[in-house]
Amino acid sequence: MLATLSILVWAAAGIAAGWKLSQLVRAPRDRGLLVVTACTVLVFIALSAQLAANVPALSGLFPSQSPKLIQNVVLTFFFALLITLLHSVVSPATTGSRGAVEVPLALLATAGLIAAFAAGGPDARGAAYGEVEGRPGALAFYLVGNLYMSYATARGSHLSWVAAEHTRSRARLSLRVAAAGLAVNCLGVHLPRVLSTSGRLAFDLDLPPGTATWTPPVMAIGIVAFFLGIGYPGVRTGIVKAHIWFELRRHYRQLRPLWLAVCAAFPNIPLFPPESPLREALRLRQMRLRYYRRVIECRDGLVCLSPYLAEPVDAGLPHARQAELVRDALTRSSRGEQLAETSVIAAPAAAGMEADTRELLALARAFERLTGRDPAIGNGGAGRTSTRR
């Protein structure tokens with residue numbers, strides 16, 4: 001159970017670190033993003049070291065169980081960085097002085113961890129928290145680590161909550177969830193472990209009892225809540241972008257029958273040549289570009305087709321009737337029977353591309369019902385050689 005929780009938390013940290021690194025690649029000059037990315041990478045390194053120390057197949061690869069020491073040292077500097085970042089949001093004018101306090105504290109905690117690690121015998125080094133009974137060196141190691149983590153999570157939780165008050169965007173909820181996660185780890189993990197380890201060192205008394213059993217699940221809950229808080233704005237943005245992408249793709253496919261028909265009639269229109277439905281379905285990149293190109297090319301094709309209309313088209317004409325006129329005009333254009341009168345097909349009711357697109361989509365759906373999904377393929381249109389503009 002605990003091993004499964006550790007792997008899940010480690011996987012979540014890895015996903016968060018990879019995601020933040022991908023964002024940093026796209027925005028390398030964003031200093032705030034750089035700090036947040038550094039924090040998530042440090043957490044991932046720390047959790048990786050912890051996982052390596054607890055997996056028998058991997059623990060033997062490291063000298064003297066050093067992953068446990070690496071994990072705690074990395075976490076101290078992670079929290080020093082995190083607290084400095086949060087303080088820069090709450091009080092930008094004193095960021096430098098706060099950093100001058102947090103870094104020495106992290107160094108002091110690191111020195112204590114190294115000293116306790118070195119003082120413990122080989123059997124105590126890297127021992128898991130549930131295996132420290134009767135090992136003063138291991139108890140001292142966990143006491144130092146949890147003392148610093150109690151301070152760091154309490155300070156980080158407070159600053160996250162205060163920073164939320166200084167934020168008017170949706171990041172407010174993100175900071176509050178992160179603050180709650182840190183508070184859970186402070187009150188439910190590190191403070192109880194401080195009491196337990198200090199009690200066992202001083203009085204050989206474990207109070208509160210059973211911390212090795214019930215604190216790991218609480219820690220997993222706190223870490224997951226913290227990462228949910230950090231990741232919420234980006235996840236929400238990703239969901240919105242995914243919704244827009246799927247909507248564009250749906251409209252892109254709805255325009256296909258009309259687009260194929262006008263491209264078959266006027267092969268010089270399309271920038272991208274027509275292709276089979278399967279090949280088109282497998283195209284996932286540049287959807288926005290391809291969608292807007294298809295909208296423009298549909299409109300260009302209708303403009304070229306307008307001299308072949310048998311009757312004028314006005315805005316009040318049903319789309320089903322406009323689709324019939326377009327079908328007849330396509331037949332007439334293939335015979336070169338151009339008429340004198342022209343008019344705007346699928347004329348938008350208002351200015352702007354959104355209104356124009358709505359009319360084109362309505363016409364395309366009516367045209368599909370009239371002729372089928374790929375009318376141009378049936379007439380050999382997809383096989384014509386298109387001249388790119």
Side-chain angles (χ1 to χ4, degrees), residues 244-277 280-281 283 287-389:
I244 293 173
W245 186 89
F246 280 109
E247 186 175 36
L248 289 178
R249 186 173 180 81
R250 179 167 58 86
H251 291 167
Y252 179 75
R253 293 181 65 81
Q254 287 175 349
L255 288 172
R256 177 180 171 87
L258 178 63
W259 176 78
L260 283 174
V262 296
C263 288
F266 308 103
N268 63 321
I269 286 179
L271 175 64
F272 303 110
E275 53 193 11
S276 69
E280 183 176 286
R283 290 197 178 276
M287 183 52 57
R288 186 180 295 271
L289 169 64
R290 288 179 173 273
Y291 169 66
Y292 285 118
R293 279 300 314 177
R294 183 161 288 187
V295 169
I296 292 169
E297 289 165 1
C298 283
R299 178 56 68 189
D300 287 349
L302 293 178
V303 170
C304 294
L305 193 63
S306 63
Y308 300 94
L309 292 173
E311 65 182 66
V313 177
D314 57 51
L317 196 65
H319 293 107
R321 177 55 183 159
Q322 293 190 51
E324 292 175 357
L325 292 174
V326 168
R327 180 195 57 187
D328 296 340
L330 287 167
T331 303
R332 196 172 293 108
S333 70
S334 66
R335 298 197 297 261
E337 299 175 3
Q338 185 170 341
L339 304 179
E341 190 166 359
T342 63
S343 58
V344 179
I345 309 170
M353 189 167 187
E354 185 177 351
D356 189 31
T357 303
R358 278 199 304 268
E359 289 298 315
L360 286 175
L361 285 168
L363 176 63
R365 288 190 288 266
F367 188 77
E368 179 183 355
R369 288 191 295 269
L370 184 66
T371 62
R373 176 166 290 276
D374 290 339
I377 289 180
N379 295 329
R384 294 190 186 184
T385 302
S386 298
T387 304
R388 297 190 182 187
R389 290 185 294 176

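In this chain, numbering begins with 1 at the start of the sequence shown. Below, each value reflects all heavy atoms present in this structure, side chains not excepted, and no hydrogens, waters or symmetry copies.
- Rounded to the nearest 0.5 angstrom, Leu309 CG and Ser333 OG are separated by 10.0 Å.
- To the nearest 0.5 Å, the span separating CZ on Arg321 from CG on Leu370 amounts to 10.5 Å.
- Taking the centre and axis of the six-membered ring of Tyr252, the NZ or CZ atom of Arg294 falls inside the cone set by 45° and 6.0 Å.
- Counting heavy atoms from C-beta on, the side chains of Val295 and Leu361 never come closer than 4.5 Å.
- No side-chain heavy atom of Val262 sits less than 4.5 Å from a side-chain heavy atom of Asp300.
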message: If you apply the rule side chain to side chain contact (heavy atoms under 4.5 Å, CB included), what do you find for Val326 with Tyr308, and how did you get there?
response: CA-CA 9 Å; Val326 168; Tyr308 300 94; over 6 Å; no
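- A donor-acceptor pair is defined here as one N or O able to donate and one able to accept, closer than 3.5 Å; such a pair exists between the side chain of Arg249 and the backbone of Ala281.
- The NE2 atom of His251 sits 10.5 Å away from atom CZ of Arg358, with the distance rounded to the nearest 0.5 Å.
- At a threshold of 4.5 Å between non-hydrogen side-chain atoms, the residues Tyr291 and Leu255 count as touching.
- A donor-acceptor pair under 3.5 Å is absent between the side-chain atoms of Gln322 and the main chain of Ile345, judged by distance alone.
- Under the 4.5 Å side-chain criterion, counting only non-hydrogen atoms from C-beta, Arg299 is in contact with Pro348.
- For the atom pair SG of Cys298 and CZ of Arg256, the computed distance is 11.5 Å after rounding to the nearest 0.5 Å.
- Residues Glu297 and Arg290 are not paired through a salt bridge, judged by the lack of any N-O separation under 4.0 Å between the basic side chain and the carboxylate.
- Taking both residues in full, the closest heavy atoms of Leu330 and Ala265 are given as CD2-CB, 3.7 Å, listed atom of the first, atom of the second, then distance.
- Contact annotation: the side chain of Asp328 approaches that of Arg332 to within less than 4.5 Å [non-hydrogen atoms, C-beta and beyond].
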Residues His319, Arg365; criterion side chain to side chain contact (heavy atoms under 4.5 Å, CB included); working and verdict: CA-CA 9 Å; His319 293 107; Arg365 288 190 288 266; over 6 Å; no
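- Looking only at side-chain heavy atoms (C-beta outward), Leu302 and Leu258 come within less than 4.5 Å of each other.
- You'll find the side chain of Phe266 reaches within 4.5 Å of the side chain of Leu305, heavy atoms only.
- Side-chain contact between Ile244 and Arg288 is present, with heavy atoms from C-beta onward closer than 4.5 Å.
- Taking each heavy atom of Ile269 and Gly301 in turn, the nearest pair found is CD1-CA, 3.4 Å.
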task: Determine, step by step, whether Glu368 and Gln254 satisfy the side chain to side chain contact (heavy atoms under 4.5 Å, CB included) criterion, reporting the C-alpha distance in whole Å, the side-chain angles of both residues, the deciding distance to 0.1 Å, and the verdict.
output: CA-CA 8 Å; Glu368 179 183 355; Gln254 287 175 349; 5.6 Å; no
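- Distance check: Leu360 CG to Phe367 CZ gives 13.0 Å after rounding to the nearest 0.5 Å.
- Between Glu275 and Arg283 there is a salt bridge, since at least one side-chain N of the basic residue sits less than 4.0 Å from a carboxylate O of the acidic one.
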- request: Could you please spell out the steps behind the side chain to side chain contact (heavy atoms under 4.5 Å, CB included) verdict for Leu325 and Val313?
  value: CA-CA 9 Å; Leu325 292 174; Val313 177; 3.7 Å; yes
